[in-house]
Number of protein chains: 2
Amino acid sequence: MVNLPKNIKKVAQFLELLPGIGEKTANRLALYFLRIPQDTLIEFAEAISRLKQTTKLCQICFNLTENEICSICQDSNRQKNKIMVVEEVLDILSFEKGGIYQGVYHVLHGRIDPLNHIGPEDIKIPQLLERIKNDNTIDEIILATNPDLEGEATAMYITEKIKDLAQQSKREIKISRLGYGLPIGAEIEYADYLTLKKALENRSKY
Amino acid sequence: MVNLPKNIKKVAQFLELLPGIGEKTANRLALYFLRIPQDTLIEFAEAISRLKQTTKLCQICFNLTENEICSICQDSNRQKNKIMVVEEVLDILSFEKGGIYQGVYHVLHGRIDPLNHIGPEDIKIPQLLERIKNDNTIDEIILATNPDLEGEATAMYITEKIKDLAQQSKREIKISRLGYGLPIGAEIEYADYLTLKKALENRSKY
């Protein structure tokens, strides 16, 4: 079969490794690279080569960082007693975009998922418990795992463990889960019944 | 606003230049790069840096190539008297995948699009006419521009020009356009009426 020139094909084959990009899209994107100025391409190539060496996980919260401690954990204006537990680094960005949260985070880098052989030890749960144990000022945990089966199970597991820890060390630690309900701008007609059930349960007085 | 580490952001910002990739997808893809082995990243970076230097347009048909003449034009088994005119390089791949065409191609690199100020001289139409003029063995042109307004206008323009050329040089040149109708596997319920109209006009005896 006739194919694209070797170097374009190489770029396309790499792009195909990325999630959600199939062969056709990869080919189209690779051809698009030809229209981008050479300077930009070189800069991109350099950023890619350096990517792994310059990126580390924050020693406190496991967010991505170029230093030992991430910018959020370094920020003295953040409330260090409040930890929001999220599955992935990008979840932090979503909260930070709105500037709606002033505490700090803990990134699990995954969720408990028995079907894919991912247990509590495979993600940053032991590190979370250790962190809470070692810092007596922490008194609130907000569980912000995704609202699905695995996210729910992960939140429940963490809740149990923190309750045990609080009881043993006679500390008061508030634990909460993000609220469920209709997303803003949604249409009831298209909402699934589980969301509607939660929205009904969590209805607020008017 | 808190953001991703600088190098990841740089990769994400580049990916955002690509068509169909927004900020969220770009961030997600850039993070995914971290999971790819360093060797593969380096290889990708090198392919990107070399991309433009090693890629040329075929001097005959304007397909992409790493040499002066593309592999299709070099292939002595292809029928050189038959030229299929396509808008983009990727259109060639679609035909080649099926192995359904034995002639050669001519890539326009665009279509006539007055609203975007793209005229016949801005794409490879003059080169096509020159090619036909200089090679007396060419006796069939298949117009495979896209089945939309601009593709149709481009096909009509080229037809006129080739007819003139054939008349002037007293040559016999067959000109055809790809057939219109229902795509294989389509459902009539969801077909638009213009496609159905064409399918009705082009119905075949049973």
Among A:V89, A:L31, A:D75, which residue has the highest count of heavy-atom pairs closer than 4.5 Å to chain B? A:L31

Which atoms of B:Q53 are under 4.5 Å from chain A, going by heavy atoms: the side chain, the backbone, both sets, or neither? side chain

I'd like to know whether CD of A:E201 has more than 12 heavy-atom contacts from other residues, nucleotides or ligands below 6.0 angstrom. yes

Considering only heavy atoms, which portion of A:Q13 lies under 4.5 Å from any heavy atom of chain B: side chain, backbone, both, or neither? neither

Counting only heavy atoms not in B:K9, do more than 12 sit closer than 6.0 Å to its NZ atom? yes

Taking side chain as C-beta onward, heavy atoms only, is A:T54 less than 4.5 Å from B:I8? no

Under a 4.5 Å heavy-atom cut-off, does chain B meet the side chain of A:S94, its backbone, both or neither? side chain

Residue, of A:L15, A:I36, A:N27, that accumulates the most heavy atom pairs under 4.5 Å with chain B: A:I36

State the CG-CG distance between A:L93 and B:L4, to the nearest 0.5 angstrom. 4.5 Å

Between B:F44 and A:L17, is any pair of side-chain heavy atoms under 4.5 Å apart? no

A:K80 atom NZ, neighbour heavy-atom count above 12 within 6.0 Å: yes

Do you know which of B:R35, B:K10, B:K52 has the most heavy-atom pairs under 4.5 Å to chain A? B:K52

Residue pair B:L29 / A:P19: nearest heavy atoms and the distance that separates them: CD2-O, 3.8 Å

How close do B:A47 and A:V11 get, heavy atom to heavy atom, and via which atoms? CB-CG2, 3.9 Å

Working to the nearest 0.5 Å, report the span between CZ of A:F14 and CG of B:L41. 5.0 Å

Closest approach of A:N7 and B:E66, non-hydrogen atoms and distance? N-OE2, 3.3 Å

What's the spacing between A:K24 NZ and B:K97 NZ if we round to 0.5 Å? 6.0 Å

Is the count of non-hydrogen atoms from other residues, nucleotides or ligands lying under 6.0 Å from A:L194 atom CG greater than 12? yes

Inspect the surroundings of CD1 in A:I100 and state if more than 12 heavy atoms from other residues, nucleotides or ligands are less than 6.0 Å away. yes

For A:R50, does its backbone N or O pair with a side-chain atom of B:Q38 as donor and acceptor, under 3.5 Å? no

Which of the residues A:T40, A:I42, A:L90 is involved in the greatest number of heavy-atom pairs with chain B at under 4.5 angstrom? A:L90

The reported gap from CG in A:L18 to OG1 in B:T25 (rounded to nearest 0.5 angstrom) is 11.5 Å

Does CG belonging to B:L196 count more than 12 external heavy atoms closer than 6.0 Å? yes

Counting only non-hydrogen atoms closer than 4.5 Å, does A:T55 touch chain B with its backbone (N, CA, C, O), its side chain (CB onward), both, or neither? side chain

